[in-house]
Amino acid sequence: VQLQASGGGLVQAGDSLRLSCKVSGRTFSNVNMGWFRQAPGKEREIVGGLRWSSSNPYYADSVKGRFTISRDNAKNTMYLQMNSLKPEDTAVYYCAAASTRKIQSELRGPGGYDYWGRGTQVTVSS
């Protein structure tokens, strides 16, 4: 499975960005997907995810109400719409994929994912 994230950039606080994650090498609808981020000096943390069998994404508390995850199976692409961005959202954002055998608790951390794309930098200035 290959993943390619794109769409990062430099924005001001309050702005919006949409990240995309293109998936190849596996039927997109048969993988669990997740978005993670890693700020300098910090551990990689989950932003949210979408299980292969569900149309309801889950989110970290820090982004609930501001970020939205969606997927387009026809385009093999997952999206992360980020609104009302804050300086603390500054990080490298990664998309990841995991086997459908993984349970929900495994998908809450980076160790539960089998495939990773190269990150895309998001910088939010104050």
Side-chain angles (χ1 to χ4, degrees):
V1 178
Q2 293 81 45
L3 301 95
Q4 182 175 359
S6 61
L10 171 63
V11 297
Q12 293 186 330
D15 285 351
S16 298
L17 270 178
R18 188 176 81 157
L19 306 184
S20 300
C21 176
K22 175 79 172 178
V23 179
S24 59
R26 175 75 63 91
T27 303
F28 180 63
S29 58
N30 289 340
V31 290
N32 294 306
M33 297 295 299
W35 284 103
F36 287 80
R37 67 185 182 185
Q38 188 166 18
K42 295 188 176 181
E43 294 186 351
R44 192 168 298 188
E45 64 176 6
I46 191 165
V47 174
L50 187 59
R51 300 202 67 188
W52 71 278
S53 56
S54 172
S55 59
N56 297 317
Y58 52 90
Y59 302 96
D61 288 342
S62 58
V63 306
K64 276 182 185 176
R66 299 188 299 122
F67 290 12
T68 302
I69 293 172
S70 61
R71 65 195 295 167
D72 185 334
N73 287 346
K75 295 183 178 180
N76 281 7
T77 302
M78 176 178 65
Y79 303 99
L80 179 65
Q81 177 66 43
M82 305 184 292
N83 299 329
S84 302
L85 282 161
K86 304 175 181 180
E88 51 264 43
D89 295 317
T90 295
V92 177
Y93 284 70
Y94 300 88
C95 60
S99 161
T100 56
R101 295 189 300 271
K102 297 294 179 69
I103 61 175
Q104 183 67 34
S105 60
E106 293 178 289
L107 298 174
R108 291 286 183 176
Y113 288 79
D114 308 300
Y115 306 97
W116 292 85
R118 291 199 309 180
T120 184
Q121 176 71 47
V122 172
T123 302
V124 185
S125 64
S126 58

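Using modelled atom types, one side-chain atom of Lys22 and one backbone atom of Lys75 make a donor-acceptor pair closer than 3.5 Å. Checked by atom type and distance alone, the side chain of Thr90 pairs as donor or acceptor with a backbone atom of Val124 at under 3.5 Å. Side chain of Tyr93 to backbone of Ala5: no donor-acceptor contact under 3.5 angstrom is found. With Asp114 contributing its side chain and Ala98 its backbone, the two residues share no donor-acceptor pair below 3.5 Å.
Separating the CZ atom in Arg71 from the OG atom in Ser20 is a distance of 14.0 Å, to the nearest 0.5 Å. With rounding to the nearest 0.5 Å, the separation of OG in Ser84 from CG in Asp15 is 9.5 Å. Atoms OG and CZ, from Ser16 and Arg66 in turn, are 10.0 Å apart once rounded to the nearest 0.5 Å. A distance of 11.0 Å separates CZ of Arg101 from CG of Asn32, quoted to the nearest 0.5 Å. The distance from the CD atom of Glu45 to the CD atom of Gln38 is 9.5 Å, given to the nearest 0.5 Å.
Checked for salt-bridge contact, Asp61 and Lys64 meet the test: a charged N lies under 4.0 Å from a carboxylate O.
In this structure, the side chains of Met82 and Leu19 come closer than 4.5 Å at one or more pairs of heavy atoms. Considering only heavy atoms from C-beta on, Ser62 comes within 4.5 Å of Arg37 through its side chain. Within the 4.5 Å cutoff, the side chain of Phe67 has no heavy atoms near those of the Leu17 side chain. You'll find the side chain of Val23 reaches within 4.5 Å of the side chain of Met33, heavy atoms only.
Taken together through direct or relayed side-chain contacts under 4.5 Å among Ile, Leu, Val, Met, Phe, Trp and Tyr, Trp35 and Tyr115 form part of one hydrophobic cluster. Hydrophobic clustering, with ILVMFWY side chains joined whenever heavy atoms are under 4.5 angstrom apart, keeps Trp52 apart from Leu50. Residues Val63 and Tyr79 do not share a hydrophobic cluster, clusters being chains of Ile/Leu/Val/Met/Phe/Trp/Tyr side chains in contact below 4.5 Å.
Contact between Met78 and Gly34 at its shortest, heavy atoms only, is CE-O, 3.6 Å. Closest approach of Ser126 and Pro87 over heavy atoms only: CB-CG, 3.8 Å. Annotation for Thr120 and Gly7: closest pair OG1-N, 4.0 Å, computed over non-hydrogen atoms.
Listed by chain and number, the hydrophobic cluster partners of Trp116 are Phe36, Ile46, Tyr58, Val92, Tyr94, Leu107, Tyr113, where partners are ILVMFWY side chains within reach of under 4.5 Å, directly or through others.
For Thr123 and Gln121, the side-chain atoms include at least one donor-acceptor pair closer than 3.5 Å.
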